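Here is the structure we will look at, set down as structure tokens.
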Amino acid sequence: MSAQLDRSAAALEALEEDMSSASGALFVDLIAGYFSATRDGDGQVSTPRTAGELAARFADALPGEGKPLADIVRRLATDVIADANQLMHPMSLGHQVAAPLPAAVWSESLIGALNQSTAIWEMSPTATVIEAQLVRALTRLIGWGDEAGGTFTSGGTEATFSALLAARAYAMPAAWEKGVGDEPPVVLCGEHAHYCVTRAVAQLGLGGRSALAVPSRNWKMDISALREMLDSLAGAGTNVMAVVATAGSTATGSFDDLAAIGELCEARGIWLHVDGAHGASALLSPAHRHRVRGLAYARSLAWDAHKMMLMPLAAGMLLVRDEADLAQAFSQHAPYLFHGARDERVWDQGTRSFLCSRRADAIKVWVGIQRYGVSGLAALYDVLCDSARALHELIAARDDFVAMHEPETNILCFRWVGDRSLGDGALDAVNLDLRMRYNRAGHGWITTTVLGDRRVLRVTVMNSRTKRGHLCAMLEELSREALVLAER
Ligand SMILES: *Cc1c(COP(=O)(O)O)cnc(C)c1O
């Protein structure tokens with residue numbers, strides 16, 4: 001019994017000690033040190049070690065006794081940060097994950113400290129209203145009316161799932177109780193849509209084959225193909241539950257023509273969902289806003305603040321033109337949680353969300369917008385897109401690479417072609433190996449994809465520290481490595 005008392009006394013003492021600013025400063029110094037160590041682009045961008053090697057590092061048994069916080073923070077530096085992907089490094093040009101806004105990073109610990117669950121207002125009196133007001137302020141950029149609203153989500157995947165659930169409730173109000181039956185409606189999306197669309201269609205019980213791919217032209221939804229498909233479905237008496245357009249596609253960052261798609265959907269009374277996980281932040285930028293012209297036609301929009309608004313993971317949003325659509329989507333009663341009055345707007349975001357316990361991610365987004373302002377975020381959006389444009393120019397000035405498309409945002413796909421003496425198949429192999437080799441060397445980090453059956457290299461600029469010189473250095477190293485591979 002007394003051993004147990006000793007243990008609890010020690011644990012309670014550790015808790016109090018860890019609440020001091022001296023303890024917090026250990027983390028502040030660690031993180032500020034990481035920010036500064038990555039500034040000049042010395043050091044590796046990613047780890048040369050395998051998953052197995054890293055797993056061995058963390059194979060020790062669970063510790064029986066606690067350790068001093070300072071020891072653990074030291075291990076975070078040597079064992080975690082050192083082999084993590086250094087997204088703050090200017091040569092980090094990989095996936096669509098941000099070098100996060102520092103003010104939002106610091107806010108993460110406040111979100112944890114307050115630990116407000118935003119399922120219901122009574123558990124999060126300030127965070128819930130911040131979320132609701134922020135979402136509504138963003139809907140005004142689209143030009144929607146006062147009925148618009150939405151919810152934070154874990155990301156674009158949850159947002160698109162919830163949007164299509166709302167579209168299902170609209171098209172088939174009985175589906176929540178009775179299921180979708182034998183002849184479910186179909187959902188149309190571009191052939192280059194993110195996989196979350198077909199995943200949502202299958203999750204909603206419509207059957208994966210109810211997701212129909214509209215062919216692309218220049219990596220965007222082909223409008224005449226969409227019109228023909230809608231006509232032939234109407235002719236066959238097949239109901240269309242939704243059309244999903246993409247604003248900033250994953251592979252090439254291309255924007256579908258939302259005005260043309262929106263007009264088609266409006267004329268036929270079809271729900272338009274826009275997957276703007278990547279590109280909806282163009283709304284903030286006067287220079288790029290034209291990319292999402294026609295967005296007001298949408299009934300729902302997925303928008304990830306953790307993409308081009310540069311928030312740390314996770315901060316996704318689902319905005320809807322009529323907030324009542326979302327409440328309909330989740331038409332469930334939970335008397336132990338939700339007991340708002342019938343006639344007024346319910347503040348509890350849990351009534352509009354897939355999740356129950358929910359982080360107050362809205363706080364860090366609010367801090368980020370307060371700190372940098374809409375114009376600051378727009379400027380950062382423009383800077384990242386300008387870097388992709390600069391890379392496109394650098395490639396155009398060389399013979400040994402070709403760009404696959406004009407960059408519409410911060411993403412560019414290109415291909416090493418050397419002196420063009422190799423065939424397409426051989427070039428596919430070189431480009432695939434090239435990416436592996438380049439990333440393993442540690443000076444930079446890029447991705448790859450397949451476009452029109454050809455293996456290509458892919459760069460996403462998510463870091464405002466990346467300058468033209470870094471892009472030149474990347475092309476130089478890629479070209480040196482490619483020549484070695486081509487001669488093998
Ligand atoms: C990133 C992305 C998604 C997925 O969003 P998550 O936040 O990763 O869930 C969906 N669609 C597009 C176009 C994206 O860029």
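One-based numbering, in listed order, for ligands and for the atoms of each. Excluded from the calculations below are hydrogen atoms, water molecules and symmetry mates; all remaining heavy atoms, backbone and side chain alike, are included. None of the values given here were measured: they were computed from a predicted structure.
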Residue pair Thr38 / Arg465, side-chain donor-acceptor N/O under 3.5 Å: yes

Element-labelled atoms of ligand 1 that are located less than 4.0 Å from some non-hydrogen atom of Thr250: 12 (C), 13 (C), 14 (C), 15 (O)

Those atoms of ligand 1 less than 4.0 Å from some heavy atom in Asp275: 10 (C), 11 (N), 12 (C), 13 (C)

Thr157, any N or O under 3.5 Å of ligand 1 N or O: yes

Flag for Ser353-Gln349: side-chain donor and acceptor within less than 3.5 Å: no

Proximal ligand 1 atoms for Gly248, defined as those under 4.0 Å from one of its heavy atoms: 13 (C)

Glu158, portion touching ligand 1 at heavy-atom distance under 4.0 Å: neither

Atom 10 (C) of ligand 1: nearest protein contact (heavy atom, Å): His194 CG, 3.2 Å

4.0 Å heavy-atom contact, Gly316 with ligand 1: no

Subset of ligand 1 atoms that lie under 4.0 Å from at least one heavy atom of Ala277: 2 (C), 3 (C), 10 (C), 11 (N), 12 (C), 14 (C)

Arg293 atom CZ, neighbour heavy-atom count above 12 within 6.0 Å: no

For Gly155, atoms of ligand 1 separated by under 4.0 Å from a heavy atom: 7 (O), 9 (O)

Within 45° cone of Trp144 ring axis and under 6.0 Å: Arg140 NZ or CZ: no

Audit row: Val180, Met172, side chain to side chain contact (heavy atoms under 4.5 Å, CB included) steps and yes/no: CA-CA 8 Å; Val180 299; Met172 317 176 72; 4.0 Å; yes

His192 and Ser249 side chains, donor-acceptor separation under 3.5 Å: no

Protein contact of atom 15 (O) of ligand 1 - nearest heavy atom, named by residue and atom, plus distance: Lys307 NZ, 3.0 Å

Donor on one side chain, acceptor on other, Arg291 and Thr409, under 3.5 Å: no

Under 4.0 Å to a heavy atom of His306 - the qualifying atoms of ligand 1, by number: 7 (O)

Gly156, any N or O under 3.5 Å of ligand 1 N or O: yes

Where ligand 1 meets His278 - atom numbers and elements under 4.0 angstrom, heavy-atom basis: 15 (O)

NZ/NE/NH1/NH2 to OD/OE distance under 4.0 Å, Asp424 and Arg415: yes

Polar proximity ligand 1 side, Ser249 side, N/O cut 3.5 Å exclusive: no

More than 12 heavy atoms from other groups under 6.0 Å of CZ on Phe354: no

Main-chain N/O of Pro90 paired with Thr466 side-chain donor or acceptor, under 3.5 Å: yes

Those atoms of ligand 1 less than 4.0 Å from some heavy atom in Asp304: 5 (O), 6 (P), 7 (O)

